Amino acid sequence: MTTVKRHLQIKGYGTALPDHTVTFKDQTRYRVKEGEETQIDLAARAIEAALNHAGLEMADIDCLVSASAVGVQPIPCTAALIHERVAKGLTIPAMDINTTCTSFISALSTVSYLIEGGEYQRVLIVSSEVGSLGLNPKQKESFELFSDGATAFIFEATKEDKGIIASMQRTWSEGAHDTEIRGGLTAYHPKLYSEATKTDFMFDMKGKKILLLSARVIPEMFQEFQEKSGISKDAVDYIIPHQASRALPLVMDKLGVGKDKYLNIVSDYGNMVSVAVPFGLAYALDHGYVKEGDTIFLMGTAAGMTVNMLALKL
């Protein structure tokens, strides 16, 4: 019998998508229009929706975490800039937790210890991305894959049998340069930007290499995670995977997971980077795919290459 190790529950959640969409054949992508909506705007909208859903105000939150792949600016942390918009005048601590696409899972795992330990009663985690602004039009695979958006979840302490049963994170750094943006910080300083070097400041993805590495390492990790959590892929109620690409069914099939057991909304929403997993969880809750009392897996791959898995009892 599985046991909840870190007790917490979802108090509220909210999402935000740009109004503007583009289509690539049968694929829909949500993308901001530059100058009309910002990453902070999306984050603030998602937070407002989450607070309304929970019946709370920002003053009721003990900690604000930004779990996003790409920050708004190098300094300060993105959470501080979001704090300026939604919590200015309050002294709620704000921090970033970043493992790129799996940032939400990493953040939830990390703050769960702080909630279980009594440091915080209620934590708001927000993921927000405007990745479309950094895409290279000449790389068709990635240019047609990504969407923008934001999702916020409020987690709070509980004495009920809810929360995290197990979590696991692994990094295979041989894939560190298969998904990257090289320019913009200290490795490739902004002063080096020019027409000739501008692609170094855009997103660069080697999709086939990532897929091959994922196919090699994830099955063994997935087996290890099932053993650690005490929950088999057949016993878990539902799986929310990172919506990495249209190859998602191939990856899940390799793990032995049937199509009725996991969420696949890549065609409708694309890869929303760090937003994909929390948006997927919100989507599954809204559409009745998961409900209170269910045990679910959150799973994803990220640049690095990092892989996260987390078992959560709702």
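What you see below is based on every heavy atom in this structure, not just the backbone, and it leaves out hydrogens, waters and symmetry mates. Computed from a predicted model, the values in this text were never measured in an experiment. Note that the numbering runs from 1 along the sequence shown for the chain.
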Donor-acceptor check, side chain of [X] to backbone of [Y], threshold 3.5 angstrom: yes or no?
X	Y	answer
Ser68	Gly71	no
Asp286	Tyr283	no
Arg246	Ser267	no
Asp148	Ser132	yes
Thr78	Val72	yes
Tyr238	Tyr262	yes
His287	Tyr289	no
Gln39	Val70	yes
Gln243	Pro241	yes

Following the transitive rule for hydrophobic clusters with a side-chain heavy-atom cut-off under 4.5 Å over Ile, Leu, Val, Met, Phe, Trp and Tyr, establish whether [X] and [Y] coincide in one cluster.
X	Y	answer
Ile10	Ile47	no
Leu8	Val111	yes
Ile296	Tyr13	yes
Ile210	Leu135	yes
Phe155	Ile92	no

Q) Out of Thr21, Ile265, Val266, Val22, which one pairs with Thr28 under the side chain to side chain contact (heavy atoms under 4.5 Å, CB included) rule? A)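 The option that passes is Thr21.
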Decide yes or no on side-chain contact (heavy atoms from CB on, under 4.5 Å) for Lys259 and Asn264, but give the supporting numbers first. CA-CA 8 Å; Lys259 291 183 178 180; Asn264 181 2; over 6 Å; no
To the nearest 0.5 Å, how far apart are [atom1] in [X] and [atom2] in [Y]?
X	Y	atom1	atom2	result
Glu37	Asp19	CD	CG	6.5 Å
Ser214	Leu250	OG	CG	12.0 Å
Ile40	Ser66	CD1	OG	7.5 Å
Ser128	Ile82	OG	CD1	4.5 Å
Asp268	Asp26	CG	CG	9.0 Å
Glu34	Leu133	CD	CG	5.0 Å

Are any non-hydrogen side-chain atoms of [X] and [Y] less than 4.5 angstrom apart?
X	Y	answer
Lys208	Leu211	no
Gln9	Glu160	yes
Ser229	Thr2	no
Asn136	Lys198	no
Ile231	Thr295	yes

Item to complete: Begin with the C-alpha distance, continue with both residues' side-chain angles, and end with the deciding distance and a verdict on side-chain contact (heavy atoms from CB on, under 4.5 Å) for Leu298 and Leu108.
Response: CA-CA 10 Å; Leu298 305 181; Leu108 176 55; 4.1 Å; yes
For residues 117-124, dump all side-chain donor-acceptor pairs below 3.5 Å to protein atoms at least two apart in sequence or in another chain.
| unit_1 | atom_1 | unit_2 | atom_2 | d |
| --- | --- | --- | --- | --- |
| Arg122 | NE | Glu156 | OE1 | 3.0 |
| Arg122 | NH1 | Asp60 | O | 3.0 |
| Arg122 | NH2 | Glu156 | OE1 | 3.2 |

May I ask you to say whether [X] pairs ionically with [Y], meaning some side-chain N is under 4.0 Å from a carboxylate O?
X	Y	answer
Lys162	Glu292	yes
Glu220	Arg170	no
Asp234	Lys261	no

Nearest heavy atoms of [X] and [Y], plus distance in Å:
X	Y	result
Leu192	Thr197	O-OG1, 2.8 Å
Thr179	Met205	OG1-CG, 4.3 Å
Glu129	Ser274	OE2-OG, 2.6 Å
Gly14	Ala49	CA-CB, 3.7 Å
Ser103	Ala69	OG-N, 4.2 Å
Tyr269	Phe279	CE2-CZ, 3.6 Å

Show your working on salt bridge (Lys or Arg N to Asp or Glu O under 4.0 Å) between Arg45 and Glu48 and close with a plain yes or no.
-> CA-CA 5 Å; Arg45 281 174 50 200; Glu48 182 181 13; over 6 Å; no
Original post:
Would Asp237 and Val290 satisfy side-chain contact (heavy atoms from CB on, under 4.5 Å), going step by step from the backbone distance to the final call?
Top reply: CA-CA 8 Å; Asp237 291 302; Val290 299; over 6 Å; no
Next item on the list: Please collect all ring pair (Phe, Tyr, Trp, His ring centres under 6.0 Å) contacts where either partner lies in residues 192-233, sequence neighbours excluded, each pair once.
Entry: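 Sorted result for residues 192-233: Phe146-Phe203, Tyr188-Phe201, Tyr193-Phe201, Phe225-Phe297.
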Sequence neighbours excluded, every pair satisfying ring pair (Phe, Tyr, Trp, His ring centres under 6.0 Å) that has a member inside residues 80-118
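Listed once each, the pairs are Phe104-Phe153.
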Can you name the side chain to side chain contact (heavy atoms under 4.5 Å, CB included) partners of Lys209, sequence neighbours left out?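 Asp178, Lys206.
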Open item on the list: Run the side chain to side chain contact (heavy atoms under 4.5 Å, CB included) test against Glu84 and tell me which residues pass, sequence neighbours left out.
Closed with: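 So Glu84 forms a side chain to side chain contact (heavy atoms under 4.5 Å, CB included) with Leu81, Lys88.
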Output a table of donor-acceptor pairs, distance under 3.5 Å, between side-chain atoms of residues 301-314 and any protein atom two or more places apart or on a different chain; print 'none' if there are none.
| unit_1 | atom_1 | unit_2 | atom_2 | d |
| --- | --- | --- | --- | --- |
| Thr306 | OG1 | Thr171 | OG1 | 2.8 |
| Asn308 | OD1 | Thr102 | OG1 | 2.7 |
| Asn308 | ND2 | Ser106 | OG | 3.0 |
| Asn308 | ND2 | Gln169 | OE1 | 2.7 |
| Lys313 | NZ | Asp161 | OD2 | 2.7 |

**Request:** Decide yes or no on side-chain contact (heavy atoms from CB on, under 4.5 Å) for Met272 and Thr151, but give the supporting numbers first.
**Result:** CA-CA 10 Å; Met272 301 170 75; Thr151 299; 5.7 Å; no
**Message:** Looking at Glu57, I want to see if its CD is surrounded by more than 12 non-hydrogen atoms of other residues, nucleotides or ligands under 6.0 Å.
**Reply:**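 Not buried by this count: 12 neighbours or fewer within 6.0 Å.
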field: NE2/His20: more than 12 non-hydrogen atoms of other groups inside 6.0 Å
entry: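 Buried by this count: over 12 neighbours within 6.0 Å.
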Show your working on side-chain hydrogen bond (donor to acceptor under 3.5 Å, both in side chains) between Ser109 and Ser167 and close with a plain yes or no. CA-CA 7 Å; Ser109 178; Ser167 57; 3.0 Å; yes
